[in-house]
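One structure is given here, and the rest of the page talks about it.
If you read the sequence from its start, that first residue is 1, and numbering goes on from there.
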Amino acid sequence: MTNNLLPDSFFLHELANIAGKASLEHYRTNELTVLQNKPKADYRFDPVTQADKLAEKLMREYITAAYPDHAIIGEEYGISGSGSIQWVLDPIDGTRPFLCGLPLWANLIGVTHHGKAVMGMMSQPYIGERFWADANGSWTSSAHGHFRLETRKNIALNQAILHTNSPEPIATHPDIHFGSLTEQVLMTRYGGECYAMAMLAAGRIDACFEYALEPYDIVPLIPIIEQAGGVVTTLDGGRAEAGGAVLATGCPILHEQILTILNQG
């Protein structure tokens with residue numbers, strides 16, 4: 001296998017199979033334990049389980065065997081290697097719902113080329129639903145079929161559906177005018193984790209805003225949203241691969257409107 005080339009979608013699905021199998025070994029079982037709490041800004045409980053560790057370990061081994069020259073960054077084991085192609089792994093995005101038995105978590109797999117997110121996979125193995133993107137488009141598959149993803153366009157701000165994962169950070173970031181935004185949209189929902197981003201790509205949600213993402217939280221989702229016609233940026237309108245405060249929308253016009261409100265009120 002040529003290591004200076006991007007992987008194909010088949011390889012993404014193979015990785016998702018590996019991560020999914022490892023995750024489900026511990027999902028909704030009495031053997032699931034919290035190995036570590038990694039509190040971060042605005043969240044006092046951010047757990048790590050043996051399922052997180054196992055899924056990332058197995059994905060890393062599979063990638064390294066096939067692409068030994070590729071770099072890898074993952075939530076649990078950090079950065080290894082260097083080069084123009086980097087894998088970005090979040091073995092279980094949504095460990096808190098994973099602990100609660102709620103199927104709002106997913107295995108996230110991303111690929112960057114020269115720092116730009118170019119491929120992504122979000123796989124929910126318990127439900128059997130996947131969202132992924134490559135150079136040919138953005139797709140979803142489940143027991144209900146295989147479909148191309150497309151974001152919703154030309155939606156008025158007062159008819160837009162907004163999502164953020166938790167209300168906890170809102171009070172601690174008064175410089176980000178999220179309250180002003182909630183007053184102008186149709187409704188605001190919470191708690192969807194990475195599934196909210198997938199539903200944005202599918203045209204069910206119009207805007208997702210998160211206050212403090214890591215690269216592994218957002219890189220796998222950027223291609224899925226962009227190839228479906230959406231926009232993902234930081235608050236200053238730049239690329240979002242490095243994480244931070246991130247806005248994703250299904251429509252470029254709506255994106256500019258929301259950026260203005262978040263920055264200026």
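- Contact between His255 and Leu247 at its shortest, heavy atoms only, is CE1-O, 3.2 Å.
- With hydrogens and angles disregarded, a donor-acceptor distance shorter than 3.5 Å links the side chain of Asn263 to the backbone of Leu235.
- Residues Phe98 and Asp52 are not in side-chain contact: their nearest non-hydrogen atoms beyond the backbone lie 4.5 Å or more apart.
- The shortest distance between side-chain heavy atoms of His177 and Gln264 does not fall below 4.5 Å.
- Minimum interatomic distance between Cys194 and Ala106 (heavy atoms only, all atoms of both residues): SG-CB, 3.6 Å.
- Distance check: Thr233 OG1 to Glu226 CD gives 10.0 Å after rounding to the nearest 0.5 Å.
- The list of salt bridge (charged side-chain N to carboxylate O under 4.0 Å, His left out) pairs with a residue in residues 173-190, not counting sequence neighbours, is empty.
- Although no hydrogens or angles enter the test, the distance criterion places no donor-acceptor pair under 3.5 Å between the side chain of Gln184 and the main chain of Leu157.
- Between Trp105 and Arg96, the closest side-chain pair of non-hydrogen atoms is not below 4.5 Å.
- The two residues Ala55 and Ala19 make their nearest non-hydrogen contact at CB-O, 4.1 Å.
- By the rule that hydrophobic residues join a cluster once side-chain heavy atoms approach within less than 4.5 Å of another member, Ile170 and Ile176 end up as members of one cluster.
- Counting non-hydrogen atoms of neighbouring residues, nucleotides and ligands closer than 6.0 angstrom, the NE2 atom of His146 exceeds 12 such neighbours.
- In this structure, Ile155 is not a member of the same hydrophobic cluster as Val231, with clusters built from ILVMFWY side-chain heavy atoms closer than 4.5 Å.
- Atom CD of Glu150 has 12 or fewer neighbouring heavy atoms from other residues, nucleotides or ligands inside a 6.0 Å radius.
- At least one side-chain heavy atom of Pro103 sits less than 4.5 Å from a side-chain heavy atom of Arg28.
- With values rounded to the nearest 0.5 angstrom, Asn17 atom CG is found 7.5 Å from Ser123 atom OG.
- Atom OG1 of Thr188 and atom CZ of Phe178 lie 5.0 Å apart (nearest 0.5 Å).
- Looking at heavy atoms from C-beta onward, Asn107 lies in side-chain contact with Ile92 at the 4.5 angstrom threshold.
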For Asp206 and Leu186: C-alpha separation, side-chain torsions, deciding distance, then whether side-chain contact (heavy atoms from CB on, under 4.5 Å) applies. CA-CA 10 Å; Asp206 300 297; Leu186 180 65; over 6 Å; no
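- Pro220 and Pro215 make their closest contact through CD-O, 4.0 Å (heavy atoms, listed as atom of the first residue, atom of the second, distance).
- Of all the heavy atoms in Glu193 and His163, the pair that sits closest is N-CE1, 4.1 Å.
- Cluster membership check: Ile79 shares its hydrophobic cluster with Val219, using side-chain heavy-atom separations under 4.5 Å among Ile, Leu, Val, Met, Phe, Trp and Tyr.
- Using a 4.5 Å heavy-atom threshold, the side chains of Val111 and Val88 count as separate.
- Thr151 contributes no side-chain N or O that, together with a main-chain N or O of Gly203, makes up a donor-acceptor pair within less than 3.5 Å.
- The closest donor-acceptor contact from the side chain of His113 to the backbone of Leu6 lies at 3.5 Å or more, if one exists at all.
- We find the CD-CD1 distance between Glu214 and Ile73 to be 8.0 Å, quoted to the nearest 0.5 Å.
- In this structure, CE on Met59 lies 13.5 Å from CD on Glu14, to the nearest 0.5 angstrom.
- Cluster annotation: Leu54 is connected to Ile109 through the hydrophobic network of ILVMFWY side chains, with a link wherever side-chain heavy atoms come within less than 4.5 Å.
- Thr49 and His26 share no donor-acceptor pair across their side chains, judged by distance under 3.5 Å alone.
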When you look at Ile258 and Phe209, which way does the side-chain contact (heavy atoms from CB on, under 4.5 Å) test go after all the steps? CA-CA 10 Å; Ile258 293 178; Phe209 177 72; over 6 Å; no
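- With a 6.0 Å radius and a threshold of 12 heavy atoms from other residues, nucleotides or ligands, Tyr126 has its OH atom at or below the threshold.
- Grouping the Ile, Leu, Val, Met, Phe, Trp and Tyr side chains by contacts below 4.5 angstrom, directly or via other members, places Ile261 apart from Ile253.
- Of all the heavy atoms in Pro91 and Glu76, the pair that sits closest is CG-CG, 3.9 Å.
- Atoms CG and CG, from Asp8 and Asp134 in turn, are 9.0 Å apart once rounded to the nearest 0.5 Å.
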Between Thr164 and Glu210, is a side-chain contact (heavy atoms from CB on, under 4.5 Å) present by the stated rule, with each step listed? CA-CA 6 Å; Thr164 192; Glu210 296 300 333; 3.7 Å; yes
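- Between the side chain of Thr172 and the main chain of Pro169, a donor-acceptor pair closer than 3.5 Å is present.
- Phe131 forms part of a hydrophobic cluster together with Leu104, Leu108, Met122, Ile127, Leu149, Ile161, Met187, Tyr195, Met197, Met199, Leu200, Ile205, Leu213, Ile218, Leu221, Ile222, Ile224, Ile225, Val232, Val246, judged by ILVMFWY side-chain heavy-atom separations under 4.5 Å.
- A distance-only check finds a donor-acceptor pair linking the side chain of Glu56 to the backbone of Tyr77 [under 3.5 Å].
- In this pair, Phe11 and Tyr67 present their aromatic rings perpendicular. The plane angle is above 60°, beyond the 30 to 60° band.
- Between Pro125 and Lys21 there is no side-chain heavy-atom pair separated by less than 4.5 Å.
- Between Ser141 and Trp132, some side-chain heavy-atom pair lies under the 4.5 Å cut-off.
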